Amino acid sequence: MTFWRVDNPTHVVVPFIEGDGTGPDIWRATRPVLEAAVQRAYSGLKQIEWLEVLAGGKAYSQTGQWLPEQTIHALRHYSLALKGPLTTPVGKGIRSLNVQLRQVLDLYVCLRPVRYFDGVPSPMRHPELVDMVVFRENTEDVYSGIEWPAESAEARELTEWIEKKTGKKLTPGSGIGIKPISRPGTHRLVRRAIEYALRRNKPSVTLVHKGNIMKFTEGAFRNWGYELAQEEFPDETITEAELQKQPGEESPLGKVIIKDRIADMMFQQVLLRPAEYSVIATGNLNGDYLSDALAAQVGGLGMAPGANMGDDCAVFEATHGSAPQYAGLDMVNPGSLILSGALLLEHLGWQEAADLIYGAIQRTISEGLVTYDLARQMADAHEVSCSQFGRSLIERMG
């Protein structure tokens, strides 16, 4: 399997994880939509066979494990999955199962496409200008899980070593975390971002970093990103600095422009000048913030798909939390999981089926048929349940 699968199979087994909280609600709404799209696009010539695998609360209640080895084996064997949200305790308890999946399966790219559907309420004057794809590095940075609690023996020992070696004094009682960013990790992320831009005819890849402050991690990410572009794509890319030496000219021969932006400045840019950015490559923490901020411009996390991808496996997932307070109420927006399912179809090469879903979402929202999260922001909306929204999509497929 290659990173971009698109092998266009006629029959595929897709493991699915319902998820915690509202996960079962949005899964029940999503599955019929995906099946209807495949059926209408290919008239039975292509089929999905679903295979449930366990993770999260349901796994723990049935097996005593939050992430059973059988689930990992199935994901490796079938090389893809569709996953609902999983609950992670804050400040205590188990570490994030999402992070664990990414690390165990080496899903080093978090792919977050952000686009606007006409009619979705937005705080922006021109949300239609937002059309970006975030490539967030998934396995390094401060999310790597290398940290020790305050007052622990490890934290005290590391504090003493830092003070002895650097002369810098840490506040007593500090928790300590490590932020690793590597050349190989940066190279493979930026490689995939540039490949995506070339495949999809995107005009630029922007390296987002905080290298002005963290020079040997964030700054290195920037430098290694430019290095990768020069070494592996010298004929397909041009830096923004090189292009500025050619006043009045567009990117020559359709080359992808490689830019970089400081992270805090980039947050302003995506608000004020979104049309200037298309593909973004960034680290784990910056990517987490930035992708959610972009989603807020186009309707929130309920309209934000995502995928965690590696060279041998891809897990497509709802990007929002499990919202346990709404579990079983059939009211949350299933759009994130439905759109993530459409990404899965694209990954298989089933673009026709994915396009049916995109078109149905646009028509349904244009008619004002939306779940409560969007309805409360729209003057003439007709609020529908989670399951009704899914049925409305099926009725409006071309």
Side-chain angles (χ1 to χ4, degrees), residues 109-116 124-137 140-141 181-291 293-295 297-298:
V109 170
C110 179
L111 181 72
R112 293 284 297 274
V114 184
R115 58 176 289 187
Y116 179 69
M124 310 304 296
R125 289 185 178 181
H126 295 289
E128 72 280 359
L129 298 179
V130 178
D131 185 9
M132 301 182 210
V133 181
V134 178
F135 278 70
R136 166 190 168 197
E137 204 289 319
E140 299 187 325
D141 205 351
I181 291 181
S182 70
R183 176 183 266 117
T186 300
H187 275 188
R188 65 181 185 175
L189 177 84
V190 175
R191 180 183 300 116
R192 298 313 183 188
I194 294 174
E195 288 175 350
Y196 182 93
L198 292 169
R199 289 171 59 87
R200 299 298 185 100
N201 296 315
K202 298 292 185 179
S204 67
V205 172
T206 303
L207 308 170
V208 176
H209 59 91
K210 192 62 178 171
N212 56 328
I213 304 298
M214 292 170 278
K215 301 183 185 300
F216 305 125
T217 51
E218 298 276 335
F221 176 89
R222 169 196 180 274
N223 296 339
W224 290 329
Y226 278 117
E227 176 183 87
L228 182 282
Q230 177 58 39
E231 289 178 355
E232 297 191 13
F233 302 94
D235 298 325
E236 295 93 354
T237 63
I238 184 171
T239 67
E240 187 176 43
E242 291 171 334
L243 189 60
Q244 288 172 349
K245 295 177 183 177
Q246 308 172 27
E249 292 188 20
E250 298 294 331
S251 178
L253 302 175
K255 289 187 176 183
V256 173
I257 304 169
I258 308 299
K259 321 176 185 181
D260 76 274
R261 297 290 185 269
I262 300 295
D264 45 345
M265 181 257 204
M266 187 64 179
F267 274 82
Q268 294 189 60
Q269 292 286 291
V270 298
L271 290 170
L272 302 176
R273 306 170 76 170
E276 295 182 13
Y277 302 95
S278 52
V279 178
I280 294 168
T282 189
N284 212 332
L285 183 61
N286 291 332
D288 197 355
Y289 294 153
L290 189 57
S291 55
L294 282 169
Q297 297 179 228
V298 298

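The shown structure was predicted, so the numbers you read here are calculated from the model rather than taken from an experiment.
Glu240 places a side-chain heavy atom less than 4.5 Å from the side chain of Arg261. Taking 4.5 Å as the limit, every side-chain heavy atom of Val190 sits out of range of all side-chain heavy atoms of Trp224. A 4.5 Å side-chain heavy-atom check between Val279 and Val256 finds every atom pair outside the cut-off. Contact annotation: the side chain of Asp264 never approaches that of Met266 to less than 4.5 Å [non-hydrogen atoms, C-beta and beyond]. In this structure, Val270 and Met132 have side chains that are in contact, with non-hydrogen atoms separated by less than 4.5 Å. In this structure, Leu271 and Met124 have side chains that are in contact, with non-hydrogen atoms separated by less than 4.5 Å. A heavy-atom distance below 4.5 Å is found between the side chains of Lys202 and Asp131.
Taken to the nearest 0.5 Å, the CD1 atom of Ile194 stands 5.5 Å off from the OG1 atom of Thr237. Going from atom NE2 of His187 over to atom CD of Glu231 covers 5.5 Å, rounded to the nearest 0.5 Å. For the atom pair CE of Met214 and CG of Asp141, the computed distance is 8.0 Å after rounding to the nearest 0.5 Å. In this structure, CD1 in Ile280 is found 5.0 Å from CG in Leu290, a value given to the nearest 0.5 Å. Once rounded to the nearest 0.5 Å, the distance linking CG of Asp288 with CZ of Arg112 reads 7.5 Å. Separating the OH atom in Tyr116 from the CG atom in Leu129 is a distance of 11.0 Å, to the nearest 0.5 Å.
With a 6.0 Å radius and a threshold of 12 heavy atoms from other residues, nucleotides or ligands, Phe267 has its CZ atom above the threshold.
Contact between Val130 and Pro274 at its shortest, heavy atoms only, is CG2-CB, 4.0 Å. Between Lys255 and Pro234, the shortest heavy-atom distance links the atoms NZ-O, 4.0 Å. Between Ile262 and Gly211, the shortest heavy-atom distance links the atoms CD1-N, 4.5 Å. Closest approach of Phe233 and Glu195 over heavy atoms only: CZ-CG, 3.9 Å. Residue Val205 comes nearest to Ala281 through the heavy atom pair CG1-CB, 4.3 Å, listed as atom of the first residue, atom of the second, then distance. Between Ile181 and Thr217, the closest heavy-atom pair is CG2-O, 3.7 Å.
Exactly one of Glu218, Arg136, Glu137 qualifies for a side-chain hydrogen bond (donor to acceptor under 3.5 Å, both in side chains) with Asn286. That residue is Glu218. His209 pairs with exactly one of Asp260, Asn223, Thr186 by the side-chain hydrogen bond (donor to acceptor under 3.5 Å, both in side chains) rule, that one being Asp260.
Remark: Lys259 engages no residue in a side-chain hydrogen bond (donor to acceptor under 3.5 Å, both in side chains) (not counting sequence neighbours). Residues passing the ring-ring contact (aromatic ring centres under 6.0 Å, His included) test with Phe135, sequence neighbours excluded: Tyr196.
The residues Glu242 and Lys245 are annotated as not salt-bridged, no charged nitrogen and carboxylate oxygen being separated by less than 4.0 angstrom.
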